[in-house]
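Input: a single structure, listed below in structure tokens.
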There are 2 protein chains.
Amino acid sequence: MTVRPGGRAATILDVALAAAVSQATVSRVVNGKSTVDPAIARRVLAVVDELGYRPSASARNLARGSTQTVGVVVPDLGNPMFQEVLRGVTQAASAAGYRVLVADSQESLADEPELATEARRRCDAVVLVAPRMSDHELSDLLPSLAPVVLVNRSAAGTPEVVVDYAAGASAAVDHLAGLGHRRIAYLAGPPSSESNRRRLAGLERARSLHPGVEITSIPCGANVEDGARAAQALGDATAVIAFNDLVAFGLLAALRDAGVAVPGTVSVVGFDDIEFARYATPALTTMAVPRQLLGARAWDALLAEIEGGTPAAPVLFTPALVVRASTGEVAR
Amino acid sequence: MTVRPGGRAATILDVALAAAVSQATVSRVVNGKSTVDPAIARRVLAVVDELGYRPSASARNLARGSTQTVGVVVPDLGNPMFQEVLRGVTQAASAAGYRVLVADSQESLADEPELATEARRRCDAVVLVAPRMSDHELSDLLPSLAPVVLVNRSAAGTPEVVVDYAAGASAAVDHLAGLGHRRIAYLAGPPSSESNRRRLAGLERARSLHPGVEITSIPCGANVEDGARAAQALGDATAVIAFNDLVAFGLLAALRDAGVAVPGTVSVVGFDDIEFARYATPALTTMAVPRQLLGARAWDALLAEIEGGTPAAPVLFTPALVVRASTGEVAR
DNA sequence: TTGTACGCGTTATCAC
DNA sequence: GTGATAACGCGTACAA
């Protein structure tokens, strides 16, 4: 590979000149479109190699009107949940020849709309993960983002891939109630979080299903530290449902430090089933969410919009109870 | 925001026409370059708003000759180490107005060169994390990637941000030897991994420093499962240094299942200090690596190359011993 | 300060 | 099968 005299990278024109053909032919050879005389094709390829020619992505994008790139907007790249969604999208998209642009709002709610818009400008479509954004802001934003698919949010007319956290929360209560627990604490996520609201809705449903069970909601958060802090606020609950596995981890650690037996004195169930859940002590019982699949399905929906022009049907995942060692029969 | 009759997005020409000014003026207003008559600027902005005009990133990139985007190539987005590097780069880059394109080779060594090349075509520069790529392939690839910075790899002439794993491994032995251990097992990472080689070099050094200590290397891997499997191969070692925290987690779990006391019977030290290390049981002693900083420094080096044209000086991080509960005095 | 006009590197539509 | 040439949408010298 040689660099051109000027020091600039070779362009299609340079190749055309050197191979004594037209730019059109070079383009055809490079893209394998149409059919070109084998002899000429060989000559062109030789020159391409010699000059180290690489098509400019920018020029291509402009000419084609597409970037073959999708954006993924997440609130926090440090969260295993969003990491896996990103990973799922990335893998699925790469199989289709698309690349992924990440945009991490770093929990800065105010920046999200602009961040998403900016991402959309550079991409053909966007996967939006914005659990805290207000419904109002969301519906304002969506029109300018299309094609777009929502993860764990709903908005009329926009394809979505969501987890049925309500069903998950309800199932968690079923599990605990079945073990004899009558006082359950829910360590709530951020109040503004949509997925927290969905869990709360599920708990509401569970209350009517289990009249004898008292379910109290304790403000907590979404991180390990939040979970650790919440250990003191458990009251007389014999079981707790954590907003997610991160919170459960923090709780478990604090409980251990405080000498509280799990599940002897308190049972704990998490949400998500992150990779480390099974390595917690005791191994964490949790409502498993297929996080990578979430990303993969989001990609599918995106592709349907991009190429098919079809707004994909909503996808709903139901969390699956994974019983490990952190839950057990209530002590009496 | 209105959509143009044709259904197409508004272009700078549409705005110019509607505002009765030239495209140049619209461009100036939109970019805040040069100074434009306030009245005209207002008029233009009004039209921009009305038409919902958004500059085309593709056209901009082509005209400017830069994309304001950097690529990050990683071998496995599922690995906390690489996730944090990505995060570090993303956050640092976004502060400078750059976006990040992710490329996950999914451990497919063969695809890495093409993946990196492809990423580079779409970006102004690339951060390459490729621990397994052969030196040969790496040096072949680098020229076509510049500006590029290497993470945990070295190659003449290319800026690098690396962790001194040799010093880390050596320090781990110091710690263990200080606790009286004389038979230490090293759970080796992938043989082709550069960072594994560096750890091995550190162990070699440690051998001469601690003549009385026997250090054996056991083929293992880089994942939790690998660590779990290795539990049976420990022999009579009283302490083990795991390739990374993931491996240590697997080992800890297997040891617990086997009823082996940690650190009573066996001490365990990991590498990286991933977030969950402190929540392992027992809390994991580990050689901490500032993973996010790694990404941030990689970005700094990239920026120096992109804008300054200066090849940044190598950055070297030394792992710090974090003593928790998984290591203790040798039993006698 | 504002407008004209050209260049950025490809792709795609035509004739040939 | 191949070659001109017009888009693609924007930035920017240069001229006015």
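The structure presented is a predicted model; accordingly, all values stated were derived computationally and were not measured. Just so we're on the same page: letters track the sequence lines, and every chain starts at 1.
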Expressed as a whole number of angstroms, how long is the span from [X]:[atom1] to [N]:[atom2]?
{"X": "R43(B)", "N": "dT1(C)", "atom1": "CZ", "atom2": "P", "answer": "16 Å"}
{"X": "I12(B)", "N": "dG3(C)", "atom1": "CD1", "atom2": "P", "answer": "12 Å"}
{"X": "L13(B)", "N": "dA7(D)", "atom1": "CG", "atom2": "C1'", "answer": "13 Å"}
{"X": "R54(A)", "N": "dC8(C)", "atom1": "CZ", "atom2": "P", "answer": "21 Å"}

(message) Looking at every non-hydrogen atom in both residues, tell me the closest pair between L145(B) and V148(B) and how far apart they are.
(response)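 For L145(B) versus V148(B), the nearest heavy atoms are O-CB, 3.9 Å.
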
State whether [X] places a side-chain N or O below 4.0 Å from either non-bridging phosphate oxygen (OP1 or OP2) of [N].
{"X": "T25(A)", "N": "dG3(D)", "value": "yes"}
{"X": "N31(B)", "N": "dG11(D)", "value": "yes"}
{"X": "S27(B)", "N": "dG11(D)", "value": "yes"}
{"X": "R28(B)", "N": "dG11(D)", "value": "no"}
{"X": "T11(A)", "N": "dG9(C)", "value": "no"}
{"X": "S22(A)", "N": "dG3(D)", "value": "yes"}
{"X": "R60(B)", "N": "dC10(D)", "value": "no"}

(request) Supply the atom-to-atom distance R120(A) CZ to L101(A) CG, rounded to the nearest 0.5 angstrom. (result)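 It is 12.0 Å, given to the nearest 0.5 Å.
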
(request) Look up atom CD in E118(B) and atom SG in C123(B), then write down how far apart they are to the nearest 0.5 Å. (result)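 Between E118(B) CD and C123(B) SG, I get 9.0 Å after rounding to 0.5 Å.
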
(message) Does E114(B) have more than 12 heavy atoms from other residues, nucleotides or ligands lying within 6.0 Å of its CD?
(response)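 Counting neighbours around CD of E114(B), 12 or fewer heavy atoms of other residues, nucleotides or ligands fall under 6.0 Å, so no.
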
(message) Please compare K33(A) and A24(B) by the position of their nearest nucleotide in DNA chain C and report the one closer to 5'.
(response)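 Comparing both residues, the 5'-ward one is A24(B).
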
(message) For Q23(B) and L62(A), find the nucleotide of DNA chain C closest to each by heavy atoms; which residue's nucleotide sits nearer the 5' end?
(response)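 Taking each residue's closest nucleotide, the earlier one in sequence belongs to Q23(B).
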
(message) We want to know whether R132(B) and S105(B) form a side-chain donor-acceptor pair, criterion being a heavy-atom distance below 3.5 angstrom.
(response)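 Their side chains do not contain a donor-acceptor pair, so the 3.5 Å distance test is not met.
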
(request) For V21(B), answer base if it contacts any base atom (sugar-phosphate contacts may also be present), sugar-phosphate if it contacts only those atoms, and nothing otherwise; contact means non-hydrogen atoms under 4.0 Å. (result)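 Here V21(B) touches the backbone only, sparing every base.
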
(request) Report which part of the nucleic acid T35(A) touches: base, sugar-phosphate, or nothing (heavy-atom distance under 4.0 Å, all strands). (result)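 Sugar-phosphate contact only - T35(A) comes under 4.0 Å of backbone atoms but never of a base.
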
